[in-house]
Each structure stands twice: as C-alpha cells, then as structure tokens.
Amino acid sequence: WWLYQRLEGPPTDLLASAYVQQRTMDLRIAGAPFAPRTTVRGTAGQNAPLLEAEAALERHFDRHTHDAQWLHARGLADLLSGRYGAAVSGLAEAGQIQPDSVDIRIDLAAALTQRGRSEGRPSDLEGAETTLNWVLVKRPDNAAACFDRALVREDRQEWELAEQDWQHYLELDPRTGWAGEAKEHL
C-alpha cells in the first residue's frame, strides 16, 4: 500500500531517463534533455528505466485509463519500445482529452514520424508535420518542435523548409548537443 501511495503520478521521469539512457531515434521527445544517439542491437530490454516505467504502467494504468497524463506516459513507453502504432493510438487519445497540451502533441508527432518511417506511411509524416505546425503556432520558439519538424521536413524532402527550421533552431539553441546535431543537417 505504501508503495502505491508513493507513486502519485505516471512514471514520466523514468521515461525521460529511459530516452536519455538509450536514445535510439533522432527525434526529440518533450521535456527530455540531450543525449547522444546510441545504437542498440536487439530489443530495448536492457534499458532499466524503461522496464521500470513499463512495470509501473502495468501495475497502475487500469485505474487511470481516461487520464491524459497516464495515456501520455503509456504512449511514450510504447514509442520508446518501438510499438509505434500503439504509441500513436495512446498519444492521440491523450490529445483528445487534453487538446492544448504541447508536450502530448510533440510526442504524438514523434510517434507518427517513427511509424511513418518504419511502415512507409507518407500520411503519418504529413500528420507529424501538421501536428508540429500546430505546436509552433502556439509556441513559435519551442525548440523540440522546431528540431523535430526539421527532421520531418527532411523525410518529406521539403529541403528549403527543413533548412529554415534548422536555422531557426540554431537561433533558439546555439550551444547544446542538440545544436551540434542540427548543424550536421546544414
């Protein structure tokens, strides 16, 4: 009972740690700090924070199935585990409950991009770009959305628009590890 009481909310900190420990995609997720990309052979099973977050979700999610924060966490866990279809579904549901959440939209765009890439679905890449456009209308200086939109625009072969996003990104963030990755695209 005491352990249940300690877990007041979804395991978002564990999911951010999992992303940093084993960053296997070029896209950013909302709120996570920079980490260099890693190459992982096999499954993400070696990622202890991800395993811990998924265990917490397994134990507690059934009590929070209509809570946007828990749906966001479940979608993010699916994204980090490579279950892109489930990630898109969960994050879209979270976005319906909390439609003004920039963080949910950024992560939904990442899930759409990953699914679009892995399954050859141009409509997902278009959906990701539309989602990131929405974020950037609300928050023009959101660095994560700007970074991810540049990547999506490259995937869609919108080279000039991608270059504009990279330039804008470097105005927002000229010095971090993310900036180093952005410079590689120019």
Side-chain angles (χ1 to χ4, degrees), residues 10-12 14-32 34-58 61 64-99 101-136 142 144-158 162 165 178 181:
T12 51
L14 284 170
L15 292 165
S17 294
Y19 173 81
V20 169
Q21 180 176 317
Q22 204 169 77
R23 182 177 158 229
T24 58
M25 61 182 173
D26 54 354
L27 297 157
R28 295 183 61 168
I29 62 169
F34 175 76
R37 286 192 66 190
T38 56
T39 304
V40 178
R41 301 208 191 295
T43 67
Q46 307 302 328
N47 191 327
L50 181 56
L51 291 173
E52 192 175 336
E54 287 186 325
L57 285 163
E58 183 68 31
F61 185 76
H64 304 282
T65 56
H66 301 294
D67 182 302
Q69 291 180 326
W70 281 87
L71 287 163
H72 184 191
R74 159 85 23 108
L76 190 52
D78 287 332
L79 173 62
L80 296 176
S81 297
R83 297 183 298 268
Y84 305 131
V88 169
S89 296
L91 291 163
E93 188 176 349
Q96 289 174 349
I97 294 169
Q98 198 170 350
S101 172
V102 167
D103 288 350
I104 291 171
R105 298 276 183 125
I106 289 170
D107 293 339
L108 173 59
L112 284 164
T113 302
Q114 290 297 96
R115 185 175 74 177
R117 289 172 173 174
S118 69
E119 298 179 13
R121 295 170 63 145
S123 62
D124 279 352
L125 297 175
E126 181 181 351
E129 185 173 356
T130 300
T131 300
L132 293 166
N133 288 341
W134 180 90
V135 170
L136 290 164
N142 185 295
C146 186
F147 188 96
D148 285 356
R149 187 174 72 177
L151 289 169
V152 171
R153 286 177 163 175
E154 286 181 348
D155 288 345
R156 299 189 70 211
Q157 299 180 352
E158 297 172 343
D165 280 342
W178 296 115
E181 287 190 20

Nearest 0.5 angstrom please: [X] [atom1] to [Y] [atom2], how far?
| X | Y | atom1 | atom2 | answer |
| --- | --- | --- | --- | --- |
| Thr113 | Asp148 | OG1 | CG | 7.0 Å |
| Leu76 | Leu15 | CG | CG | 5.0 Å |
| Leu91 | Thr131 | CG | OG1 | 10.5 Å |

Closest heavy-atom contact between [X] and [Y]?
| X | Y | result |
| --- | --- | --- |
| Asn133 | Arg149 | OD1-NH1, 2.8 Å |
| Thr38 | Gln21 | CG2-O, 4.4 Å |
| Leu125 | Val152 | O-CG1, 3.4 Å |
| Tyr19 | Arg28 | OH-CA, 3.4 Å |
| Ser118 | Tyr84 | OG-CD1, 3.5 Å |
| Gln114 | Leu79 | CG-CD1, 4.0 Å |

Do [X] and [Y] have side chains that approach each other closer than 4.5 Å (heavy atoms only, starting at C-beta)?
| X | Y | value |
| --- | --- | --- |
| Arg117 | Asp26 | yes |
| Arg153 | Arg156 | no |
| Leu151 | Met25 | no |

Show me the donor-acceptor pairs within less than 3.5 Å that the side chains of residues 102-112 make with the rest of the protein, sequence neighbours left out.
residue : atom : partner : partner atom : Å
Arg105  : NH2  : Pro99   : O            : 3.0
Asp107  : OD1  : Ala30   : N            : 2.9
Asp107  : OD2  : His72   : NE2          : 2.6

